[in-house]
Amino acid sequence: MTASSTLQRVAVFGATGSIGASALDVIARHPQRLRVAVLAAGSQVEALLDLCQRHRPRHAVIAREDLFPALRDGLRERGLETEAHAGMAALDALAAGDACDTVVAAIVGAAGLSSTLSAARAGKRLLLANKESLVLAGELMTRAADAAGADIIPIDSEHNAIFQCLRSRQAKGDVRRIVLTASGGPFRGRRRTELADVTPAQAVAHPKWSMGPKISVDSATLMNKGLELIEAHHLFGLSGDRLGVLVHPQSLVHSLVEFVDGSTLAQLGLPDMRTALAVGLGWPDRIDSGVAGLDLLTQGRLDFEAPDMDAFPCLRLACGALDAGGTAPAILNAANEVAVSAFLQGKIRFLSIPALVEEALAALPAAPADSLEALLEADARARRITETTIAGHAARA
Ligand code: NAD
Ligand code: MG
C-alpha cells in the first residue's frame with residue numbers, strides 16, 4: 001500500500017496555538033489522507049470547543065484538570081460525540097494509544113516533554129515543534145524514538161529545511177557543517193544599550209513570522225536560535241563546532257547543509273509553517289500546504305550577516321550550555337521560560353532575561369544528565385532559583 005492510500009489519524013497537541021492552527025489548516029486540505037483524531041490545549045476551553053466543532057476529533061483534552069467539566073459540558077451542548085479528557089496523564093495516554101498514528105507536538109515549553117516522549121516511546125510519527133523538550137531531554141528523546149522506530153520530523157523551519165536537504169534525520173560523514181539561518185528578530189541591528197527599554201509588545205512583533213508569544217520573545221533575544229542549535233545537535237547528531245548561525249533578515253533561506261565536496265544545499269520558501277507541517281504530514285510524499293511558491297524576482301535580494309553576540313548574549317549562553325552538556329541545556333531552558341514569562345507579564349525588563357539565565361547557569365553547575373529524573377530536577381531547581389531572583393528584584397523595586 002502506498003503512503004497516500006492510508007488514512008493517517010493525527011493528534012494535534014497545542015491545537016489552539018499558532019502551530020496547531022497551521023497544522024489543522026494543512027490537515028483540512030487532505031480529507032482523503034489525513035484525519036484529526038485528537039485535539040489538545042492547555043486552558044482555552046472555548047477555542048478548543050470551536051476546533052472540535054470544526055474538525056470532529058474522537059478525543060479532546062484540556063491540560064488543566066479543573067476545566068474538565070467545562071469541556072465535557074461544552075461538547076455535550078454542541079451535540080458532539082468527541083470524548084472529553086483532562087490532565088497531563090490523559091495527554092500521555094492518548095499520545096501513546098491506538099487513537100492516533102501521528103502526533104503534532106506543538107505544546108509550548110517543557111510542559112510538552114511528557115506527551116512528546118510518550119509519543120516517541122510508542123513509535124508514533126512525531127512532528128516535533130516543541131523544541132524545548134529536545135533542549136531539555138534531547139538524548140532521551142532521540143534514543144526513545146530510535147528504539148521504538150518513531151520517525152521524528154522536525155517542525156521548526158530551520159530543522160525542517162535541513163531534514164529536507166538530508167532527506168533524513170541522520171547527518172552522515174559527508175556533512176561538513178550545518179548553518180541555521182536567523183531572521184534577527186524585531187531588534188536586529190540594535191546595540192545592547194538600545195534594548196534596555198523595549199516592551200513586550202515590541203518584542204512579540206516579529207517582522208517575518210507570526211508565532212506564539214514565548215517563541216516570539218525568544219526570537220527577539222536570539223535565545224530561539226540558541227535553543228535551535230541544541231535542537232539541531234540532538235536531531236542531526238552533530239557537535240557544536242559543526243553548527244553555525246547566519247542572520248538572514250528576509251527569512252526565505254531556511255537553513256543550509258554543507259557537504260565535504262563543497263556543495264551547499266539549502267531549502268527556500270515563504271515564511272509560513274504550513275510548508276514544514278505539510279512535509280511532516282505527507283513525508284515521503286509532498287502534499288499541498290496552501291503556501292504559495294517563492295518568486296525571487298519580487299523578493300529582490302537575500303542578505304546575510306553575522307549574529308551580534310554582544311547585543312544578544314542569550315545566543316552565547318546557549319552555545320556555552322551546548323558545549324557544557326549534561327544538565328546545562330535543561331537549566332538554560334527552564335530559567336529562560338521563567339524569565340520570558342515574567343517579561344511578558346511586565347515584571348522584569350528585556351535585558352534581565354539573559355542576566356537571569358546566566359545567573360541560573362552560574363548557580364547550578366552542569367551535572368551528568370543520565371536520567372529523566374536528573375533533568376527534571378535540574379529544570380525544577382533552575383525554575384526555583386529564577387523565580388526567587390525575580391521575587392527579590394520585585395521586593396527591592
Ligand atoms: P502558542 O503559544 O501559539 O501555542 C501553544 C499551545 O500550547 C496552545 O495550544 C496552548 O494551549 C498549549 N499549551 C500551553 N501550555 C500547555 C500545557 N501546560 N499543557 C498543554 N498544553 C499547553 O505557541 P506556538 O507558537 O504554536 O509554539 C508551539 C511550539 O512550537 C513551541 O515549542 C515553539 O517553540 C515551537 N515552534 C513554533 C513556531 C511558530 O511558527 N509558531 C515555529 C517553530 C517552532
Ligand atoms: Mg525556527
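Model, not experiment: these values are computed from the prediction. Every number for a ligand or one of its atoms is a count from 1 in the order of the listing.
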Asker: Between H159 and E228, do the side chains contain a donor N or O and an acceptor N or O under 3.5 Å apart?
Answerer: no
Asker: Tell me, which N, O or S atom in E158 is closest to the Mg ion (ligand 2)?
Answerer: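 Per the distance ranking, E158 contributes OE1 as its closest N/O/S atom to the Mg ion (ligand 2).
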Asker: Are side-chain N/O atoms of R64 and Q44 paired as donor and acceptor at under 3.5 Å?
Answerer: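 There is no such pair between these side chains.
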Asker: Taking the N/O/S atoms of D156 one by one, which is nearest to the Mg ion (ligand 2)?
Answerer: OD1
Asker: Check the side chains of H248 and S183 for a donor-acceptor pair under 3.5 angstrom, ignoring hydrogens and angles.
Answerer: no
Asker: Filter the ligand 1-protein atom pairs down to N or O on both sides and distance under 3.5 Å, then list them.
Answerer:
| unit_1 | atom_1 | unit_2 | atom_2 | d |
| --- | --- | --- | --- | --- |
| ligand 1 | 3 (O) | S18 | N | 2.9 |
| ligand 1 | 9 (O) | G14 | O | 3.3 |
| ligand 1 | 9 (O) | T16 | N | 3.3 |
| ligand 1 | 9 (O) | T16 | OG1 | 2.7 |
| ligand 1 | 9 (O) | G17 | N | 3.1 |
| ligand 1 | 11 (O) | T16 | OG1 | 3.2 |
| ligand 1 | 11 (O) | G42 | N | 2.8 |
| ligand 1 | 11 (O) | Q44 | OE1 | 3.2 |
| ligand 1 | 21 (N) | G42 | N | 3.4 |
| ligand 1 | 25 (O) | G212 | N | 2.8 |
| ligand 1 | 26 (O) | S18 | N | 3.1 |
| ligand 1 | 26 (O) | I19 | N | 2.9 |
| ligand 1 | 30 (O) | A129 | O | 3.4 |
| ligand 1 | 32 (O) | E132 | OE1 | 2.7 |
| ligand 1 | 41 (N) | S18 | OG | 3.2 |

Asker: side-chain contact (heavy atoms from CB on, under 4.5 Å) with E158: which of Q267, K225, H254?
Answerer: K225
Asker: I'd like to know if the side chain of S133 and the backbone of L113 have a donor-acceptor N/O pair within less than 3.5 Å.
Answerer: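 No, S133 side chain to L113 backbone: no donor-acceptor pair under 3.5 Å.
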Asker: Thinking salt bridges, do R78 and D50 make one under a 4.0 Å N-O criterion?
Answerer: yes
Asker: Could you check which N/O/S atom of E228 is closest to the Mg ion (ligand 2)?
Answerer: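 Atom name returned: OE2.
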Asker: Assess whether side-chain contact (heavy atoms from CB on, under 4.5 Å) is satisfied between L180 and L256, documenting all intermediate values.
Answerer: CA-CA 7 Å; L180 304 181; L256 309 100; over 6 Å; no
